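Below is one structure, written out as structure tokens, with a few remarks after it.
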2 protein chains.
Amino acid sequence: MKLNYDEGAKIIKALADPNRLKIIDILSCGEMCACDILEHFDFTQPTLSHHMKVLMDCNIVECRKEGLWSYYSLNISNCNKLILFLMNLITDTDECICKDKSKCKC
Amino acid sequence: MKLNYDEGAKIIKALADPNRLKIIDILSCGEMCACDILEHFDFTQPTLSHHMKVLMDCNIVECRKEGLWSYYSLNISNCNKLILFLMNLITDTDECICKDKSKCKC
DNA sequence: TCAGTATATTGATATTTATCTATATATAAT
DNA sequence: ATTATATATAGATAAATATCAATATACTGA
């Protein structure tokens with residue numbers, strides 16, 4: 001599966017916040033429940049809930065419910081796909097938009 | 001140099017737009033002047049100028065002036081640093097925030 | 001010097017978003 | 001049943017931002 005600009009931008013937008021980057025860093029060690037994640041931050045519980053929703057909407061983070069708790073974890077495969085997308089983007093490949101002679105003279 | 005969450009988020013925010021992703025894709029083949037970049041888009045010249053400013057403010061893109069023309073190019077080294085930042089973020093490394101026992105029980 | 005061209009800046013507007021308080025939901029324990 | 005706890009949702013607000021039209025700047029060529 002190859003991401004297009006819109007799909008890529010949606011995921012990147014989800015990462016484009018220092019607090020959400022920190023959440024991803026925290027989850028890189030393994031799954032963690034919301035209340036434990038919240039301890040690392042100064043904002044309120046609904047704000048964390050909002051951030052987790054943003055990360056889940058783009059499938060970078062997943063959730064497992066157990067009793068009262070929600071355990072969050074990274075979807076590493078999708079994280080890797082995003083990084084691959086970025087590496088493709090900055091690399092001069094044959095499929096690059098630049099090679100479309102119909103629109104570009106380069 | 002290691003990026004922190006704020007620095008990382010600033011760069012990622014600059015990429016968090018489908019049009020700017022396309023600009024980066026276009027520049028991955030080499031430098032190009034603004035008017036040639038603009039041909040790939042439907043928006044106006046001031047809008048492109050705005051997008052280029054955003055990309056330059058976070059040092060992902062550089063500009064070389066020659067007469068009337070502004071030639072833009074990727075700063076590949078900084079692009080790579082961003083990708084490295086993301087790879088570190090999603091990887092369970094020793095420097096991970098999780099290992100800070102003072103705040104986290106994981 | 002004047003006209004034309006490439007790009008940047010300004011100011012305005014509509015949309016998005018990060019955050020909060022208040023409240024709802026759902027589960028667990030007594 | 002009632003109370004407590006973990007999380008989600010709703011609604012409001014302030015800040016950020018993508019875009020445009022209009023204008024400014026700066027260089028080129030006649």
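Note on naming: letters A, B, ... go to the chains in the order of the sequence lines (proteins, then strands), and numbering restarts at 1 for each one. Predicted, not measured: the structure shown is a model, and the values here were computed from it.
The CE atom of A:M32 sits 12 Å away from the P atom of D:dT7 (whole-angstrom rounding). As rounded to whole Å, 13 Å separates atom P of D:dA6 from atom CG of A:L48. Nucleotide D:dA6 holds its C1' atom 10 Å from the OH atom of A:Y72, rounded to whole Å. Atom CD1 of A:I37 is separated from atom P of D:dA6 by 14 Å (rounded to the nearest Å). Rounded to whole Å, atom P of D:dA18 lies 11 Å from atom CD1 of B:I23. Atom CG of B:L21 is separated from atom C1' of D:dA18 by 15 Å (rounded to the nearest Å). For the pair A:F43 CZ and D:dT7 P, the interatomic distance rounds to 13 Å; values are reported in whole Å. The CG-C1' distance, from A:D17 to D:dA15, rounds to 13 Å in whole Å.
Between A:F41 and A:H51, the ring centre distance reaches or exceeds 6.0 Å.
In this structure, A:V54 and B:M56 both approach DNA chain C, and ranking their closest nucleotides by distance from the 5' end singles out B:M56. Nearest-nucleotide positions on DNA chain C place A:K13 closer to the 5' end than the other of A:W69 and A:K13.
Here C:dG4 is the nucleotide among C:dG4, D:dC20, C:dC20 with the atom lying nearest to any side-chain atom of B:L68. Minimum atom distance to the side chain of A:H51 is reached by C:dA18, of the listed D:dA8, C:dT17, C:dA18. Proximity note for B:R20 (side chain, C-beta onward) versus C:dA22, D:dT7, D:dA18: the nearest is D:dA18.
In this structure, B:L27 and B:E31 have side chains that are not in contact, with every pair of non-hydrogen atoms separated by 4.5 Å or more. Proximity of B:L48 to B:I23: side-chain heavy atoms (C-beta onward) are separated by under 4.5 Å at one or more points.
The side chain of A:K53 contributes no N or O atom lying less than 4.0 Å from OP1 or OP2 of C:dT17. The side chain of A:S70 places no N or O atom within less than 4.0 Å of a non-bridging phosphate oxygen (OP1 or OP2) of D:dA6.
Linking ILVMFWY side-chain heavy atoms closer than 4.5 Å, directly or via other members, places B:M32 and B:V54 in two distinct hydrophobic clusters.
As judged by a 4.0 angstrom heavy-atom cut-off over every strand, A:Y71 is placed among residues making no nucleic acid contact. Nucleic acid contact class of A:S49 (heavy atoms, under 4.0 Å, all strands): base. When heavy atoms are screened at a 4.0 angstrom cut-off, B:T47 is found touching base atoms of the nucleic acid. The residue A:H50 sits close to a base: some heavy atom pair falls under 4.0 Å.
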**Asked** Should B:Y5 and A:D25 be marked as a side-chain hydrogen bond (donor to acceptor under 3.5 Å, both in side chains) after you check the CA-CA gap, both sets of side-chain angles, and the distance that decides it?
**Response** CA-CA 9 Å; B:Y5 300 129; A:D25 202 6; 2.5 Å; yes

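Between the side chain of A:Q45 and the base of D:dA6 there is no donor-acceptor pair of N/O atoms closer than 3.5 Å.
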